[in-house]
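All chains are named by letter (A, B, ...) in the order of the sequence lines, taking the proteins before the strands, and each is independently numbered beginning at 1.
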Amino acid sequence: MSNLDIGIVGTLVALGLIALRVPIGVSLGLVSIGGIAAMFNVNVAFGMISATPFEYVGQWELTAAPMFLLMGFICSSTNMTKGLFEALRLYLARLPGGLAIASVGACAFFAAAAGSSVATASAMSRIAVPEMLRNNYDKGLATGTIAASGTLGSLIPPSVLLILYGVYAKVSVGQLFMAGFIPGVLSALVYMAMIMTRVKLKPSLAGTVTEYPTKEEKRAALKTIWPLPVLIFSVLGGIFSGVFSPTEAGAIGAFVAAVIAALRGSLTWIAIKSALRDTIVAATGIFVILIGSVFFTRFLALSGLPAAFSDAILGISSEPWWIFLAVTVIYVVLGMLIDSIGLLLLTLPLILPLVHGAGLDPVWFGIILIKLLEIGLVTPPVGLNVYMIKGALGNLVTLPEVFRGVGWFIAMDFLTLIILMLIPGLSLWLPTLAYR
Amino acid sequence: MYRFVTWLNTAFLVISAIFVVLMMLHVTADVLLRSVSNAGIIGTLEVVSYYYMVCAIFLAFGYVEMHNEHIRVDLFVQQMPRSAQVVLYILACLAGFVFFGLLAWQSMIDALRATASQETIMSNFLFYVWPSRWALPIGFIGCLLAILCNLLKSVTRWRAL
Amino acid sequence: ETNFIANSFYDAEHPLSKFGYVEWADTVREISGGDLNPEVYTGTVLLAPRASLQGARDNIANVANIAAVYTPSELPVANAVQELGFNYSDPLTAIFAVADFSIHNEVQQKEWADNGIVYLGAYATPPYILFCSKPVRTLEEIKGKRIRTAGSSVSKWVEEVGGIPVNVPSSEMYTGLERGTLDCATNAANDLIDRSLWEVAPYTTELSTGMYWSGPEWGFNAGFWSGLTTTQRKQLMDATAHAMSSMVVNYLARSNAALDEAKAKGNEIYQPSAELMASVEAFREKVLGDIYTVAEDKYGVADGMSLIDDFRFTYAKWEGLLENVDRTDIDALDAIARKEIYGTLDPATYGVN
Ligand code: NA
Ligand code: NA
């Protein structure tokens, strides 16, 4: 068997193990160790084990990942998002589908504070979905809104996915953060427009909002929205003005979130414990996959599969439209099965040679890539955001209901994706503005 | 044994949490000090990445396994009959045991070697990293114990966890 | 036919990868008539910088570039000699002197052998100069500046002149300079263009804060090396002599071109003021005064004086050898290297245990 054959067989075995419920990191890691031992010898395999985990985890840039997770979990465990959502709800009550639109907006704001999509979805689902269901919203619309808007968490900075991409592809994380902003807002606006149109055409989707808030109520609600904007302003402002680096921003964000929570009197011992526990579980879960995929990357590189693969694709054409089409198909298919971080790290060694081969801007491509990965978070069968919402809501909804509701949002994601592919400036204008 | 392993891994989680909090405070203090006095805390980058980060992540491996929070794909297996699920779960445990066992073995050798050579890294000053090498074998052993517990639990109750 | 894996952790376009590995691999195939076939990996896909030594020792790569500064505790001798990096600023002399020294000095040879590698050839970077977001020409201007430094002797000098040495990964230099968390970075001049630093650091000062050469550009796994035939080892030596010459000439050309490009883009290229230069000279004297003790106390070298003096002697020898040579003539440099460095080695026994 040639090395290339071992690479192909190894990939299939890894996918098989993943499908049989072996943890993703373990599947990738074991196959890589076995595959490298088969291609070379056991020493080389042990050499990889020895050289990788400690060095990889001990990277300064990656310290941002647990810190941004911590910031997000402090926000959700101390109910920091509630005030903003209440205010949006009151102000948008008269719009068709106002509650759903308010939810998209609140998700976008939360996304600007949290580093991950799943954190965004889990935080907002507990606040927004019960409220919509109480107002007789269609279950699919209510849950789909949050599942899809949760994905803004990785596009709107800060974003763990963008950090991982930046470190791996050697692209400035600061530029990537700037680049994700407009596409994130665009996604949110497209969602909102779709919700409004659908509810206009079929008002029963949005149930019966009977609430007509008074001016006093509205003014009172305004007083409670400050925590999230203050947090976002301090994180983004600090990065922009050079007080701290994007890597340091995570720790500052977590600290500011804790201070705000303490000022509001919601930083209870229970909230601290749950935020810390959730942070560590999420971060460690991610890093197990990360270590597995770094192994897998080495295994694939040594097998020659990435080069053969990108040669095959570039052999057909190196026109950007073809690369985008090929990449879209690959990610939509794999995104059905594999979670976003695992997929990102699994495929980067295959995809980056394509990007360089076709001469695409790696910042622009990074944004397209994140958008594609985000679609995978809500597509069946494996949609982490959908599972998160189902988990948060228990028996209020069924999984098929959520997946059905998400369909419309996926269609909008493709629309946004096409716009982003056609107009690179949407992604690249802000970075060039900020970094000349 | 089950109670001991739970206690051990929870203790590791607490240590891990302490490192996460330290990471937040240390970086924040460095930034604050730097903006006030222009000079930050020397060695922030080294300590945060090579000690806090490494310890926070690796020490929690066992807790994550204990509570079955490793990220896995449930979808296909959910459709299968119960005994098939249990068999696959046992397979997954064995796979995990082999994987983390290899990691534990090799990282133990590395830690011993690093200790013997008093391992340092490039830095603007002398910076030892060998102590934090030990977080790996310790974390992996916690993880191996947790897998054993889960495996026993699953076999005795004949139920996938 | 012998296929083997060669790894350089620099990006494919970096001179140390492009000429040291990609072009070298072609030369190896050519000289051996296809009998030796290196498969080159560049970047950190296979081995990260800090893992290179271990990777070559464990045969993950059969040959790899190894920057000894990343693993000071494993390679104390190489790091002790690197302490002199602040004292020299000509990479052309350095690359051959370092290769000569590293291959012939017994203490250094023992260190390579203890780490399971065979040293075949050197690299030397151009001097690291200052890229700043504000002009830094004088002692006054350097005071209070946050300067990204790599290595301890540079950072001591920065402290001495009132600057603040900062350690950030090279990936964060750009954002650091742009956002003001850094005032200056020190790097080889080509990074001004290759890492786009000219965009955020419009003021360059051609002040040499040291150059880097520690560790082999080609460090072979000892077992793999022993398994080669004498002919193959000789072919690799010839290819390496050529690659060192080509690499250093091209690296220097690239650096100079980068300075011109930056100038054309409107950047300022300053020379340091006399007093700033004087402080560098004074610091160099101080380094020389302390170096025996540093080698012995900090790096545990048994006889610091004989090690360091051998290096300085070799460097002086190469200054003489290169005096009347055209600094851009790769073939002439190649010929000298073959004669002076590899001509003294027996391919049947060198590095073979
Ligand atoms: Na975000
Ligand atoms: Na999916």
Side-chain angles (χ1 to χ4, degrees), chain A residues 17-27 29-30 33 45-47 49-50 53-54 57-63 66-67 70 238 243-245 247-248 250-252 254-256 258 273 276-277 279-289 291-292 337-339 341-342 380-382 384 387, chain B residues 13 16-17 20-21 23-28 30-31 34-35 45-46 48-54 56-61 63-65 67 69-78 85 88-89 91-92 95-96 98-100 102-103 105-107 109-110 113-114 121 129 132-133 135-136 160:
Chain A
L17 287 176
I18 291 171
L20 293 178
R21 212 171 158 261
V22 177
I24 299 176
V26 174
S27 309
L30 261 189
I33 294 171
F46 272 103
I49 301 177
S50 158
F54 181 76
V57 173
Q59 283 189 87
W60 167 245
E61 291 94 329
L62 285 182
T63 59
M67 290 292 98
L70 179 61
V243 177
F244 43 78
S245 69
T247 306
E248 293 164 333
I252 305 286
F255 184 75
V256 173
K273 274 202 300 196
L276 279 172
R277 184 201 170 276
T279 301
I280 294 169
V281 167
T284 302
I286 291 170
F287 274 89
V288 173
I289 298 188
I291 292 169
L337 303 171
I338 305 176
D339 120 274
I341 289 173
V382 182
L384 226 49
Y387 288 176
Chain B
L13 180 79
S16 184
V20 168
V21 173
M23 195 191 300
M24 175 183 87
L25 294 178
H26 195 142
V27 174
T28 306
D30 181 48
V31 168
R34 205 172 63 207
S35 54
L45 175 137
E46 289 84 354
V48 168
S49 23
Y50 279 98
Y51 281 88
Y52 301 164
M53 183 72 177
V54 167
I57 297 297
F58 286 107
L59 288 179
F61 269 40
Y63 183 88
V64 170
E65 167 62 37
H67 293 259
E69 305 234 28
H70 279 307
I71 301 173
R72 33 175 126 213
V73 173
D74 290 332
L75 189 91
F76 305 103
V77 175
Q78 276 170 352
Q85 287 190 23
L88 285 175
Y89 181 76
L91 170 92
V98 172
F99 180 64
F100 291 111
L102 290 171
L103 291 181
W105 171 254
Q106 183 60 46
S107 62
I109 294 174
D110 291 338
R113 197 153 66 182
I121 54 156
V129 292
S132 80
R133 285 265 184 193
L136 279 74

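Heavy-atom pairs under 4.5 Å with chain A were tallied for B:Val129, B:Val21, B:Thr28, B:Ile109; the largest tally goes to B:Thr28. Looking only at heavy-atom pairs under 4.5 Å with chain B, the residue among A:Gly250, A:Pro53, A:Ala283, A:Gly285 that has the most is A:Pro53.
For B:Tyr63, the part sitting under 4.5 Å from any heavy atom of chain A is the side chain, from C-beta outward, and nothing else. Heavy atoms of B:Tyr52 lying under 4.5 Å from chain A are absent altogether. Looking at B:Val31, only its side chain comes within 4.5 Å of chain A, counting heavy atoms on both sides. With a threshold of 4.5 angstrom between heavy atoms, B:Arg113 approaches chain A through side-chain atoms but not through N, CA, C or O. With a 4.5 Å cut-off on non-hydrogen atoms, A:Ile33 touches chain B through its side chain but not through its backbone. With a 4.5 angstrom heavy-atom cutoff, A:Leu30 touches chain B via backbone and side-chain atoms both. Residue B:Val20 touches chain A through both its backbone and its side chain, counting heavy-atom pairs closer than 4.5 Å. Contact of B:Phe100 with chain A is made through the side chain alone, with heavy-atom distances under 4.5 Å. Residue B:Leu136 touches chain A through its side chain alone, counting heavy-atom pairs closer than 4.5 Å. Of the two parts of B:Leu59, neither the backbone nor the side chain holds a non-hydrogen atom closer than 4.5 Å to a non-hydrogen atom of chain A. In this structure, the portions of A:Glu248 lying under 4.5 Å from any heavy atom of chain B include both its backbone and its side chain.
At a threshold of 4.5 Å between non-hydrogen side-chain atoms, the residues A:Phe46 and B:Leu102 count as touching. Counting heavy atoms from C-beta outward, A:Val57 and A:Leu62 have side chains that stay 4.5 Å or more apart. Within the 4.5 Å cutoff, no side-chain heavy atoms of A:Pro23 are placed close to those of B:Phe99. Counting heavy atoms from C-beta outward, A:Leu276 and A:Lys273 have side chains that stay 4.5 Å or more apart.
The CZ atom of A:Arg21 sits 11.5 Å away from atom CG of B:Leu91, with the distance rounded to the nearest 0.5 Å. For the atom pair B:Phe58 CZ and B:Leu103 CG, the distance stands at 8.5 Å (nearest 0.5 Å).
By the side-chain hydrogen bond (donor to acceptor under 3.5 Å, both in side chains) test, A:Ser50 is found to be paired with B:Asp110, C:Gln54, residues two or more places apart in sequence or in another chain being considered. In this view, A:Thr63 and A:Trp60, A:Thr247, B:Met23, B:Val48, B:Ser49, B:Met53 satisfy the side-chain contact (heavy atoms from CB on, under 4.5 Å) rule, not counting sequence neighbours.
At least one donor-acceptor pair closer than 3.5 Å links the side chain of B:Ser132 to the backbone N or O of B:Tyr50.
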